[in-house]
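Quick notes on the structure that follows.
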Amino acid sequence: MKKTHSCGTLTADQMGEKVSLMGWVQRRRDHGGIIFIDLRDRTGLIQVVFDQEKSKEIFHLAESIRNEYVVAVEGEISPRSQETINPKLTTGEIEVFVDSLTILNSSKTPPIYIENDIDVDENLRLKYRYLDLRRPEMQEKLFLRHKIIKNIRDFLDLEGFWEIETPVLTRSTPEGARDYLVPSRVKSGSFFALPQSPQLFKQLLMVAGTEKYFQIARCFRDEDLRADRQPEFTQLDMEMSFVNSEDIMNIVEKLIVDIFKKVLGKEVKYPFLRLPYREAMSRFGTDKPDTRFGLEIQDISKLVADSEFKVFTGALASGGVVRGINAKGASFSRKEVDDLTELSIKLGAKGLAWFMVGPEGLKSPINKFFKTEQLEELSQKMNAEDGDLLIFVADSQKVAEEVLGRLRVHLGEKLNLISEEDNFLWVTDFPLLSFDDGEKRYVSNHHPFTSPVEEDINLLEEEPLSARAQAYDLVLNGVEIGGGSIRIHRRELQERLLKLLGFTQEESYEKFGFLLQAFEYGTPPHGGIALGLDRLIMLMLKARSIREVIPFPKTASASCLLTDAPAPVNTEQLDELFLRLELPEKEDDESEEKGC
RNA sequence: GGAGCUGUAGUGUAGCGGUUAACAUGCCGGCCUGUCAAGCCGGAGAUCGCGGGUUCAAUUCCCGUCAGCUCCGCCA
């Protein structure tokens with residue numbers, strides 16, 4: 001017997017046709033003399049009917065069927081009588097009268113319901129992921145993920161990109177995230193690292209003359225997890241030769257517009273806003289602003305400079321700033337304002353100055369430190385209206401931006417100001433370097449292969465922090481979904497950068513010699529970008545976590561509840577690799593010999 | 001590494017210093033020929049995450065631990 005049709009695709013057009021269906025039993029309704037089964041496959045449900053009078057034998061077999069049994073049925077597509085049509089089912093006008101039944105497999109009662117909108121511990125969903133993935137909403141996610149990736153491939157193919165694979169076993173390079181290491185058996189004592197991204201290989205592909213490269217690349221970073229971070233994740237990795245930043249941003253915009261249109265049927269507005277890093281920080285307090293709502297940060301430093309309020313003037317005197325947000329229409333209670341203050345302190349502020357706006361103007365315990373005309377000016381600058389709440393942080397610029405940036409998002413959510421639209425933007429003009437106080441050296445903001453802006457190259461040695469990078473981040477709804485840059489393609493400049501980052505010449509040659517050498521053989525100017533596919537798909541499908549769009553994700557402690565990985569290995573395996581474990585003392589009973 | 005939240009039949013929840021640990025759903029059995037969240041009747045099912053402490057008595061209070069989730073650090 002062959003499956004001839006899919007359950008959810010059958011319509012009244014096939015009326016009278018004999019069909020053979022195979023799938024899972026969603027539900028059985030046994031009325032004694034007649035049994036209904038909702039048969040499910042990945043396309044949907046259809047009702048199949050067993051009539052006692054048609055065949056005692058088949059009917060008897062049908063009585064033994066339970067949920068999630070896998071069955072094959074043959075029968076005729078029949079119309080339902082008017083009263084028995086089920087408008088909730090796409091196949092609700094028809095049903096299949098069964099004249100042959102085979103039970104292909106039985107099933108235990110599943111630990112989770114195979115249906116949408118279940119409210120169940122994520123533990124269970126992950127442990128029985130194969131059942132969780134049977135649920136229609138998860139199947140939809142798998143399908144759309146497939147569609148998105150297929151569209152990306154089609155689009156980039158038409159644009160002349162070649163999909164090229166790069167190694168997963170590669171070498172550990174300094175900078176960046178913690179590497180996952182893989183010991184070499186053949187070269188004892190040496191290790192491969194799993195790639196954090198195919199960065200250097202894609203640059204070498206440009207040296208190799210491939211001009212336009214892309215890859216749906218699995219990347220690995222051994223860092224702690226978040227709702228939008230997994231230790232292994234998928235990037236759409238791209239690189240092009242003979243291009244500038246604009247070229248790359250343009251092609252990515254086209255790509256995004258194309259997949260939103262083709263997969264979701266949504267029109268995305270473009271070109272995307274380009275926001276210089278400095279402006280993003282001062283207006284939104286973050287380098288990945290959510291611009292779906294207002295509540296922008298205002299600077300009132302000048303305005304309050306000659307007030308009597310020591311918290312403000314003190315911060316200004318030590319080189320800080322006073323900045324604030326008008327929480328439009330917040331009309332918070334005193335308790336809510338106190339909670340907000342507490343949150344600010346948790347975020348790193350020393351406190352929160354606030355004014356409630358009433359019909360007579362600003363009201364606050366700190367009113368007395370300001371002259372009437374100062375309050376008036378403040379009102380105007382902040383566009384204060386009855387019912388608003390003005391909040392201010394006085395601190396270093398860095399702290400004020402950071403705290404207000406977070407408060408802004410918090411308020412946006414609390415005040416329900418965030419619209420459902422998809423809001424893309426580019427953040428550009430990042431500083432090339434920052435100074436790491438802990439390590440006492442300059443570190444790359446993007447990565448060490450990012451090219452400075454041409455006219456800033458001469459700043460590198462005397463004023464390194466002022467040099468801008470030819471880098472750009474793509475942000476969607478306040479989530480960073482990608483970043484890229486124009487790369488350095490000349491050995492001399494790359495060596496200068498590495499030196500600036502604190503690498504000795506020996507270290508540079510040892511770690512990056514292959515790249516520096518490659519640059520000596522006619523490397524074209526090039527640049528690229530990597531998009532976090534899981535995050536993009538999560539946002540496209542309005543999922544709450546990337547775990548929802550990754551078939552087999554890991555938990556917050558980076559383990560797989562389905563396979564129980566990672567797991568100990570036996571000593572023979574370690575011996576082959578010349579490895580010996582030296583674990584921190586901890587009463588561990590019998591954790592040896594598990595394997596997978 | 002740090003903080004917070006959660007953990008009670010298969011599942012989702014309730015509960016309380018002393019109970020026969022409750023409800024819904026699922027499961028099992030019976031009845032039932034038009035249901036589609038089928039219905040009716042009956043039944044089984046819980047070492048209250050784990051360990052320790054306080055107490056005459058702990059699922060309940062305390063401490064620790066494990067697991068999951070969220071956030072901070074970390075994530076070129």
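Chain A is the first sequence line, chain B the second, and so forth, proteins listed ahead of strands; every chain is numbered from 1.
A ring-centre distance under 6.0 Å is not found for F97(A) and F50(A).
Here rA44(B) sits opposite no nucleotide as a Watson-Crick or G-U wobble pair (both hydrogen-bonding atom distances under 3.5 Å). Nucleotide rC32(B) forms no Watson-Crick or G-U wobble pair with any nucleotide shown, as no partner meets the under 3.5 Å limit on both distances. Across the strands present, rA57(B) finds no partner; the criterion is a Watson-Crick or G-U wobble pair with both atom distances under 3.5 angstrom. In a base pair of the Watson-Crick type (N1 to N3 plus N6-O4 or O6-N4) or a G-U wobble (N1-O2 and O6-N3), with each distance short of 3.5 Å, rG7(B) is matched with rC66(B). Figure legend. rC23(B) is base-paired to rG12(B); pairs are counted as Watson-Crick or G-U wobble with both atom distances under 3.5 Å. For rG73(B), there is no paired nucleotide, since no Watson-Crick or G-U wobble pair has both relevant distances below 3.5 Å.
The aromatic rings of Y277(A) and F430(A) lie tilted to each other, with the angle between the two planes from 30° to 60°. Y130(A) and Y128(A) have perpendicular rings, their planes meeting at more than 60° on a 0 to 90° scale where under 30° would count as parallel.
Proximity note for A227(A) (side chain, C-beta onward) versus rA67(B), rU11(B), rC71(B): the nearest is rC71(B). Comparing rG12(B), rC72(B), rC69(B) against the side chain of D121(A) picks out rG12(B) as the nearest.
If you run salt bridge (charged side-chain N to carboxylate O under 4.0 Å, His left out) between E68(A) and each of R134(A), R28(A), K108(A), only R134(A) comes through. Considering R487(A), Q196(A), E175(A) as possible partners of H447(A), the one that fulfils the side-chain hydrogen bond (donor to acceptor under 3.5 Å, both in side chains) test is R487(A).
Remark: the separation of the P atoms in rC27(B) and rG10(B) is 14 Å, to the nearest Å. Straight-line distance between the P atoms of rG42(B) and rC23(B): roughly 13 Å, to the nearest whole Å. If you take atom C1' in rG17(B) and the same atom in rU55(B), they sit 9 Å apart, rounded to whole Å. Nucleotides rC50(B) and rG45(B) place their C1' atoms 22 Å apart, quoted to the nearest Å. Comparing rC48(B) with rU11(B), their C1' atoms are spaced 16 Å from each other, to the whole Å. With both ends at atom P, the span from rA24(B) to rG18(B) equals 24 Å, rounded to whole Å. Between the P atoms of rU47(B) and rG12(B), the separation comes to 15 Å (whole Å). rG7(B) and rU65(B) are spaced 13 Å apart, taking the C1' atom of each and rounding to whole Å.
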- Spell out protein contact along nucleotides 30-37 of chain B as letters: B when the base is contacted, S when just the sugar-phosphate is, - when no protein heavy atom is under 4.0 Å; keep the 5' to 3' order. --BBBBBS
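Judged by distance alone, the side chains of Y213(A) and Q203(A) never bring a donor and an acceptor atom under 3.5 Å apart.
With hydrogens and angles ignored, no donor-acceptor pair under 3.5 angstrom links the side chain of Y113(A) to the base of rG12(B). With hydrogens and angles left out, the side chain of R125(A) and the base of rG68(B) share no donor-acceptor pair within 3.5 Å. Between the side chain of D224(A) and the base of rG73(B) there is at least one donor-acceptor pair of N/O atoms closer than 3.5 Å.
For E223(A) and rC74(B), the CD to P distance is 10 Å, given to the nearest whole Å. Spacing between atom CG of D117(A) and atom C1' of rU11(B) amounts to 16 Å, rounded to whole angstrom units. If you measure from atom NE2 of H447(A) to atom C1' of rC75(B), you get 15 Å, rounded to the nearest angstrom. Following rounding to the nearest Å, R226(A) (CZ) and rC69(B) (P) show an atom-to-atom distance of 12 Å. Between the CD atom of E122(A) and the C1' atom of rG68(B) there is a distance of 8 Å, rounded to whole Å. Between the CD1 atom of I114(A) and the P atom of rG12(B) there is a distance of 14 Å, given to the nearest Å. Atom CG of D179(A) and atom C1' of rC75(B) are 12 Å apart (whole Å). In this structure, R66(A) places its CZ atom 8 Å from C1' of rC28(B), rounding to the nearest Å.
Under the 3.5 Å distance criterion, the side-chain polar atoms of N105(A) are left unmatched by any main-chain donor or acceptor of V70(A). For the pair Q14(A) (side chain) and T11(A) (backbone), a donor-acceptor distance under 3.5 Å is present.
Heavy-atom contacts from other residues, nucleotides or ligands closer than 6.0 Å to NZ of K542(A) number more than 12. Applying the 6.0 Å contact sphere to NZ of K54(A) captures more than 12 heavy atoms from other residues, nucleotides or ligands.
Note on T109(A): every side-chain N or O is 4.0 Å or more away from OP1 and OP2 of rU11(B).
Toward the 5′ end of RNA chain B lies the nearest nucleotide of R406(A), the other residue of the pair G176(A) and R406(A) mapping further downstream. Nearest-nucleotide positions on RNA chain B for R547(A) and Q199(A) put R547(A) closer to the 5' end.
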Please enumerate all protein N or O atoms sitting under 3.5 Å from an N or O of nucleotides 42-51 of chain B, with distances to 0.1 Å.
none

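L347(A) comes within 4.0 angstrom of no nucleic acid atom, judged by non-hydrogen atoms across all strands. No contact: S434(A) has no heavy atom under 4.0 Å from any strand.
Closest heavy-atom contact between L536(A) and I481(A): CD1-CD1, 3.8 Å.
Note that the CG atom of L415(A) and the NE2 atom of H410(A) stand 8.5 Å from one another [nearest 0.5 Å].
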